[in-house]
Structure formats: structure tokens, C-alpha cells
Amino acid sequence: MANLYSQAEADRLAFWSAQAHKLDWHKPFTQTLDWSQAPVAKWFADGEINACFNALDRHVLAGHGDRVALLFEGEPGDTKTYTYSDLLVETKRAANALLNLGINAGDRVAIYMPMIPETVIAILACARIGAVHSVVFGGFSADSLRSRIDDAQAKLVITADGGYRKGKAHALKEAVDHALSAENCPTIENVLVVKRTGTEVVWNPKDIWWHEALAEASAEHVAVGFDAEHPLFILYTSGTTGKPKGILHTTGGYLTGASYTHKTVFDLKPETDVYWCTADVGWITGHTYVIYGPLANGATQVIYEGTPDSPTFERWWQIIEKYKVSIFYTAPTAIRTFMKLGKEIIEGKDLSSLRILGSVGEPINPEAWQWYHDVIGNSRCEIVDTWWQTETGSIMISPVPGAFKTKPGSAQRALPGIKVGIVDENGRAVEVSTAGSVAGYLTIDEPWPSMLRGVWGDHDRFVETYWSKFTGKYFAGDGARFDEDGDIWLLGRIDDVIKVSGHRLSTAEIESALVEHHWVAEAAVVGAKDEITEQAVVAFVILRQDEIADAPDEESIGKILRAWVTEKIGAIARPRQIMVVTELPKTRSGKIMRRLLRDVAEGRPVGDVTTLADSSVMTAINDKLSLGAND
Ligand code: PRX
């Protein structure tokens, strides 16, 4: 591994070219990077590649068709195994089904599914024919789905009648119907519906059963190469303004980043390892480390449909024991939840197959790291704390197993080939000092293959958000500091993006959902520290006196507004607490001072109020604190 660092150090572009050459190219590339139109990069631009061919066909052609690709465990306990050959046959059928529906290369397809094998097949089928997938997490509301379909101008939605969550069938098709109702989403021509739960669904003229479409489709399909810069997918993520951004990833560079990092960080041995990443494919972790990375590397992996507590919190550990999982990748929130429950949850489970444990999505506190290491890993597994983002496409900062000694709570070093820095407000580099360095802003200083290529339909926002704060550097939105050894410690977001259970939410988006309710005149949302979920949504609202004459008491208002946010965005954005206030703390220029609201939400004495236009506001809010916790 030390080798990788020195190779990348010696010649970064040659290093990336070598990584890209580990993939199968329909047409080889001759140019590694074209940065002449910065910040839009072109990697391997004159090459042609098919991401699905790399995920499936090449393993079958290399004689590994009988290797298990997916070990599926449904929440109710049903199971299904797919070899690479099985997955290829199904994906070819699905690709033909899409072609039969008139989907062409470049068309956008929205995917709104539970965690089942058909989701993997649907995604790969899109990639195979060059259609651009836009996966929308199944926990998002119909409204969120509608806005994403509209923004991407998708032609098709692939969904399921439902999926199993927390012991119940959870409807999905219903939300699609709702999103498409009243002639909304006019670009959608068809809805392909996978039968998963057997729940009765309303049938509309655009609807087609997935199993019927696949049964009619041929199992023969030859994958062709697409330009390396052909769009592979769009994935919406929250930013600092109300509207989610469609992060665009293209084919060759993304796949290079996904496969290289997956192999390096998890030290993957595809012949013997059983890998399990618990992320839903609705998030970037599911894209890169459930779909593209592991499949491009020919891994055998577990996918599990349900929640960790179904039927009890022993479920995950039973799955690890049952399938002899050796590489496990999850989020700190889950680790903290288990830690709170105590080591009894793993009593009697044989977890001796584990060798690498990964963490992603939010900073992992040293206590949770240690517990993960000592209890789950029985003090013999490597922990890899991986920092990255939807925008970076693949892991940027992480220890590499065996390369150096790990430290609880630190993601440590940029991977070989990646250049990161920490700068102060003026863009000056923060140097490593013997006493440990001051905190600054995390930047990525050189282009990398899996970097986002833009924000769908909004080039200005792309430039403005990521490339204008520090000239020539990618601004990540995270705070970070070096310790005296030069290891990096991530300090969380420095903007109005919050992380709840590793899910990325925008305070502005929740605020605009709240003010859409006719009772609400103004809203301010903050992320308050939470022992388990890292942050929790706390909303402060000013009610419209003219509208609330007949409104119920404040507790009921809180309940109704929380349900409203669930309906507008999804349950993941539901505020833990809603505080009804009569004023919000603002500066003289009218900016809401969230720092002070965070103090209130976290139960701390309120900080410096001298810049407030009216400093008595905070006293009023503190005195009020009317509702307490709504959860
Ligand atoms: O704040 C960082 C945090 O998650 C953000 C990216 O969120 P998202 O695009 O949803 O991707 C999550 C999965 C890659 C980052 O800006 N984050 C992610 N991983 C870590 C982290 N913070 C600290 N440590 C991590 N390992």
C-alpha cells in the first residue's frame, strides 16, 4: 500500500491512468485529464466504456459467472441469491425492456425503490443502455419525488408496489401516483412497477408490471461503449438553499474512482470476502459502494431490505453471522444506537468472519469508534473512517488498511491520488504544527476522476457553490483540522447543511416547507446536537396571528407541522422539536442568527447577542421555550 502513495506522489496522472486501465474499455483512452474547461473536468475523454459491462459482463467473460454477486435478505426473511451470470441475464432483459419502452441513451429514468435486487438490476440496465438514472430515496415524499422528476425531465419511473420496513409493507407506488397526479410530471411516459409486497395498487394507463415487461424482453443484449464523459447518473442532494441540487456524475472517471477506492480502502479480496454496506441505494454510498464499486470489482455482497431493528436489534448481527460477512460498512448513527443498547445485542453471535469495519456519513466520535473496534471487531479488525460526499463520488480521506496506525475519530489521510488541504477564511493554507493546528475549511486541491461534473441544469450554481470561495480549489463545506502528526480530523459542516443519522438535509429546505403551511409566517431551522443521530432538526416558528385564531393548542400545532414536513420532504426531515416563538433573532441586516438558536436548542446559555438588532429577543425566546420535546 505504501507503494500506492509513492506512485501517486511520483506522477498523479499516470497513477490515475493506471487505475482506469484496470477497467475494461470499449475504446482505450489516450488522454488522462483535460482541465482546460475548469471547473468542469474531462477524464479519459476520448475513451469509450460501459459501466454495466464492467460491473457484470467482464466477470462472466473472465470465467467468474458462478461467483455470487448478491446475497439478498428481505426484511420478512425471504432470501435470494444471484450469481454474476444470473444478474447479467436479468439486467440484459431489463435493458431490452427499457429499450422497448423507447428509452434511449441520455434519457433520464427516475428510480424510486426499496432495497431489493430489482433495484440493482434497474440501475445497471440504465447504465447498460446509456440512460441516466436518478435514484430517489424511497423515504422521500411524493412532493420530493415530483420535484426531482421535473428537474431532470425524466421519461420513466421505475418503482415497486412497496417494500418491507419495520415489519410492515410500506407503499411506494402510491407516492408515485401522487407525484404524477393532476397531470404533473408531463415528461413521464411510463411507470414500471416491480411486484414486491403484493399490496393492492391503483392501476393507471402509464403503468406496466416489471415482470411482464421483462418476460417479453429478449435475454440477449450486447453492451456498447459510451464516451467516458457520458452522464451516468444524477443524484439530488441538499445544499444551503431550498432546492436540492442534481449532482451529475459521468461514466469513466466515476467508475475509476468507485472501483479503485472500494478495492483499496476495503482491501477487497473478491474470491473470499463477503462484503456488506448497509446504505440504501437512494444515497451516494449505495451508488458507489453497493452498486458500482463492489460490482466492478467482482465482489460478493449482502443486500438487506429492512431496518436494523426488524424484528429486533439482533438482525444485523444475525446477517453477519449467517453470510459470514468479512467487510462491513455502516454509519456512526447505527454504531451509537447499538452502543447504547449494549454488547448484549451481539451475545451468542459469531462475528469472527469480520476483518474490516467501515464508517461513513458523519464524524465518528472516539467513543463510538472504540466501541465499534472493541465490541463489534473484537479488537482485531481494521476500522476505516471514510470521508467523502455525493459530490466527490468516492472516498477521498480514509486510512488504508495496514498502511499506518489508525486513530479513533480521525479519518486521517487523503487517499493516494487525492490532494486535500485545509485553509483559513482567506484561503491561506493551515500548516501542520507541532501543537496541533487551528481549524479551517477543507478543500480538494487537484481534480480527481470521480468528481462531480456539474449541477444538473445549473452551471452557475455549480461554480458558485464549490469553486468560488477559494480560487482553483474545491470547497467541500466541511470544517477540519490537522493534528500534530498531520492527520485530518473532520469537524462537520460549516454551512446550513445538517446531518441527521448520516442523511443530508438543508435547513433552508425545511424552512421553506414550513412556511408553505398557512399557519407559519416565518421559520428558522437548526441542527441541534443529538447523542445518537449526530444532529436533530429543531424548528423555531412564528405563527400568523390572522390564521391561527381557530388553531389548536401549541402542542397540536407542533404535531401538525411535524407531519407537514414529513409530507413535504419525507420522514427523515421531520423536526424533533418545534418551538413556537414570537420573534426570531436577527442581525441588523436581517440575517437570522442560527448560532443563538442552536444554543437554545442544545440547552446552552445563549452566546454573544450584541450583533442582534434587538437583543431582548433571545430573552423572550428563552422564557418561552413553550413546547419542549415533541418526540
Ligand atoms: O459533512 C461531511 C459528512 O457528510 C457530508 C456529505 O454528505 P453526503 O453527500 O450525503 O455523503 C454522505 C456519504 C459519503 C460531508 O460534507 N461526512 C461524510 N463522511 C464523513 C463525514 N463527516 C465526517 N467524517 C466522515 N467520515
Side-chain angles (χ1 to χ4, degrees), residues 135-137 139-140 233-240 244-249 254 257-258 261-262 265 277-290 292-293 329-336 357-366 368-369 372 383-399 406-415 418 420 422 439 441-444 450-452 455 465-466 474-481 487-507 509 527 533-535 570 572-573:
V135 182
V136 180
F137 172 58
F140 277 124
F233 66 84
I234 305 168
L235 185 60
Y236 285 84
T237 191
S238 300
T240 46
K245 312 178 270 231
I247 302 300
L248 174 67
H249 283 287
Y254 171 78
T261 54
H262 179 255
V265 172
C277 165
T278 63
D280 189 284
V281 287
W283 308 102
I284 190 67
T285 308
H287 282 59
T288 310
Y289 298 108
V290 176
Y292 292 107
Y329 193 28
T330 196
T333 292
I335 301 162
R336 286 191 290 266
L357 300 174
S359 171
V360 61
E362 35 178 321
I364 179 165
N365 45 317
W369 191 104
Y372 199 24
I383 306 260
V384 285
D385 173 11
T386 62
W387 179 91
W388 59 295
Q389 310 176 300
T390 306
E391 294 86 342
T392 68
S394 61
I395 298 170
M396 299 282 104
I397 306 175
S398 166
T406 50
K407 273 183 197 169
S410 165
Q412 297 190 297
R413 300 288 165 108
L415 288 183
I418 302 297
V420 303
I422 300 176
Y441 301 94
L442 183 72
T443 58
I444 307 179
S450 66
M451 65 198 294
L452 75 165
V455 171
T465 312
Y466 305 105
Y474 170 86
F475 167 55
D478 279 47
R481 66 175 183 83
D487 284 325
I488 298 169
W489 292 72
L490 277 318
L491 304 171
R493 301 287 307 194
I494 50 92
D495 53 12
D496 293 328
V497 168
I498 57 177
K499 281 283 187 151
V500 178
S501 303
H503 298 152
R504 182 163 156 180
L505 298 168
S506 134
T507 51
E509 191 182 355
T533 60
E534 168 78 10
Q535 287 186 302
I572 50 169

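Both counts, for ligands and for their atoms, begin at 1 and track the order of listing.
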[X] neighbourhood, listing ligand 1 atoms whose heavy-atom distance to it stays under 4.0 Å:
{"X": "L490", "value": "23 (C)"}
{"X": "W388", "value": "6 (C), 14 (C), 15 (C), 18 (C), 19 (N)"}
{"X": "V360", "value": "13 (C), 14 (C)"}
{"X": "R504", "value": "6 (C), 7 (O), 8 (P), 9 (O), 10 (O)"}
{"X": "D385", "value": "25 (C), 26 (N)"}

Next on the checklist: Looking at non-hydrogen atoms alone, which of D495, I494, L491, D478 comes nearest to atom 15 (C) of ligand 1?
Outcome noted: D478
Item to check | K499, E362, E391, R493: member with heavy atom nearest to atom 12 (C) of ligand 1 | outcome: K499
Atom of [X], atom of [Y] and distance for their closest heavy-atom approach:
{"X": "G502", "Y": "E362", "answer": "N-OE2, 3.2 Å"}
{"X": "C277", "Y": "T285", "answer": "SG-CG2, 3.8 Å"}
{"X": "S238", "Y": "E509", "answer": "OG-OE1, 3.4 Å"}

Item to check | Passing option when D385 is tested against S410, S359, P408, S398 for side chain to side chain contact (heavy atoms under 4.5 Å, CB included) | outcome: S359
Checklist entry - So among K245, H249, M451, which one has a side chain to side chain contact (heavy atoms under 4.5 Å, CB included) with E391? => result K245
Checklist entry - So, is Q389 polar-close to ligand 1, with some N/O to N/O distance under 3.5 Å? => result yes
Next on the checklist: Between I395 and L415, does the side-chain contact (heavy atoms from CB on, under 4.5 Å) criterion hold? Intermediate values first, please.
Outcome noted: CA-CA 8 Å; I395 298 170; L415 288 183; 4.0 Å; yes
Next on the checklist: For F233 and Y292, take the angle between the two ring planes, folded into 0 to 90°, and tell me which bin it lands in: parallel under 30, tilted 30 to 60, perpendicular over 60.
Outcome noted: parallel
Next on the checklist: Please work out, at 4.0 Å between heavy atoms, whether the side chain, the backbone, both, or neither of T386 comes within that distance of ligand 1.
Outcome noted: backbone
Checklist entry - How close does the nearest protein non-hydrogen atom get to atom 23 (C) of ligand 1, and which residue and atom is it? => result P363 N, 3.1 Å
Next on the checklist: Please list the nearest protein heavy atom to atom 13 (C) of ligand 1 with its residue and the distance rounded to 0.1 Å.
Outcome noted: T285 OG1, 3.4 Å
Checklist entry - So, does G361 sit close enough to ligand 1 that a heavy atom of it is under 4.0 Å from the ligand? => result yes
Item to check | Side chain H287, main chain G282, donor-acceptor under 3.5 Å | outcome: no
